[in-house]
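Encoded as structure tokens, the structure appears first; notes follow it.
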Amino acid sequence: ILLLNRYFMFGTLNALLVKCIVWAPRRFCSVVVPRNRVNIKFVKSSGPGGQNVNKVNTKVEVRFHLPSAEWLPEEARLKIPEKFPNCVNKEGECFVSSELTRYQAQNIEDCFRKLQDIIKISLVKPPPLSDEAKAKIRARAKRADRIRLREKVERRHTKNLRRNLYHPDN
């Protein structure tokens, strides 16, 4: 079982660094997300806020170019597009947005929390499968194939009956 420590945000909103700590058995990795290397954009939110939502840009978008992010471990740069394809666009930009609250500052924190979670999950390696687990997976696959082939034969017989060409020895 892999355990993840909670994320840590050091300093105030004006701080330049957000620190992400990942812990797994036999592995420790610390990733620092530099605030000056990510683009933070504010846009109008569709979330809560009433009349104020039309006047204030509270939605936050955090973007950075994934291949050129040298502050990110190489493993994370390769795994993020695989595990989170909806967070990476065609240009290789990783983006996270938040319109959770009415306040910009809280939405910025939420974006960095989401980014930290993405980095954590991308760095965690699943434990290797035991022989017993591999055997169970193989058995389930064989059973699913048998069921699929049986249903296929039943469909064939049903369709042959409709065409009046039913021959049970086919």
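Along the sequence shown, residues carry numbers from 1. Source: prediction; values computed, not measured.
Between Val38 and Ile40, the closest side-chain pair of non-hydrogen atoms falls below 4.5 Å. Side-chain contact between Arg140 and Arg143 is absent, with no heavy atoms from C-beta onward closer than 4.5 Å. Between Phe112 and Val60 the shortest side-chain heavy-atom distance does not fall below 4.5 Å. Side-chain contact between Leu161 and His157: absent, with no pair of heavy atoms (C-beta onward) separated by less than 4.5 Å.
Crowding of Lys79 atom NZ: a count of heavy atoms from other residues, nucleotides or ligands under 6.0 Å not exceeding 12. Residue-environment remark: NZ (Lys83) exceeds the threshold of 12 foreign heavy atoms within 6.0 Å. No more than 12 heavy atoms of other residues, nucleotides or ligands shown are found within 6.0 angstrom of CD on Glu132.
If you chain together hydrophobic residues whose side chains sit under 4.5 Å apart, Leu78 and Trp71 never meet in one group. Each of Val62 and Tyr103 belongs to its own hydrophobic cluster when Ile, Leu, Val, Met, Phe, Trp and Tyr are linked at side-chain heavy-atom distances under 4.5 angstrom.
Glu99 pairs with exactly one of Lys44, Lys59, Glu61 by the side chain to side chain contact (heavy atoms under 4.5 Å, CB included) rule, that one being Lys59.
Closest approach of Arg35 to Ile108, counting heavy atoms only: NH2-CG2, 3.6 Å. When all heavy atoms of Phe64 and Arg37 are compared, the closest pair comes out as CB-O, 4.0 Å.
Taking NZ of Lys114 as the reference point, atom CG of Leu100 lies at 7.0 Å (rounded to 0.5 Å). A distance of 9.5 Å separates CZ of Arg148 from CD of Glu151, quoted to the nearest 0.5 Å. Put simply, CG on Leu72 and OG on Ser122 are 6.5 Å apart, with the number rounded to the nearest 0.5 Å.
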When the side chains of residues 86-95 are checked against the rest of the protein, which donor-acceptor pairs come out under 3.5 Å, sequence neighbours left out?
| from | atom 1 | to | atom 2 | distance (Å) |
| --- | --- | --- | --- | --- |
| Asn89 | OD1 | Glu91 | N | 3.2 |
| Asn89 | OD1 | Gly92 | N | 3.3 |
| Asn89 | OD1 | Glu93 | N | 2.8 |
| Asn89 | ND2 | Glu91 | OE1 | 3.4 |
| Asn89 | ND2 | Glu93 | OE1 | 3.3 |
| Glu93 | OE1 | Arg63 | NH1 | 3.1 |

- Message: Run the side-chain contact (heavy atoms from CB on, under 4.5 Å) test on Ile80 and Ile121 for me, step by step, so that the C-alpha distance in whole Å, both residues' side-chain angles and the decisive distance to 0.1 Å come before the verdict.
- Response: CA-CA 9 Å; Ile80 287 174; Ile121 292 169; over 6 Å; no
- Message: Please evaluate residues Thr58 and Val43 with respect to the criterion side-chain contact (heavy atoms from CB on, under 4.5 Å), reporting the C-alpha separation (whole Å), side-chain torsions for both, the decisive distance (0.1 Å), and the verdict.
- Response: CA-CA 6 Å; Thr58 56; Val43 293; over 6 Å; no
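Ion pair Glu74/Arg77 flagged as a salt bridge, since at least one NZ, NE, NH1 or NH2 atom sits closer than 4.0 Å to an Asp/Glu carboxylate oxygen.
Side chain of Asn107 to main chain of Arg102: no donor-acceptor pair is present (N/O by atom type, distance under 3.5 Å, no hydrogens or angles).
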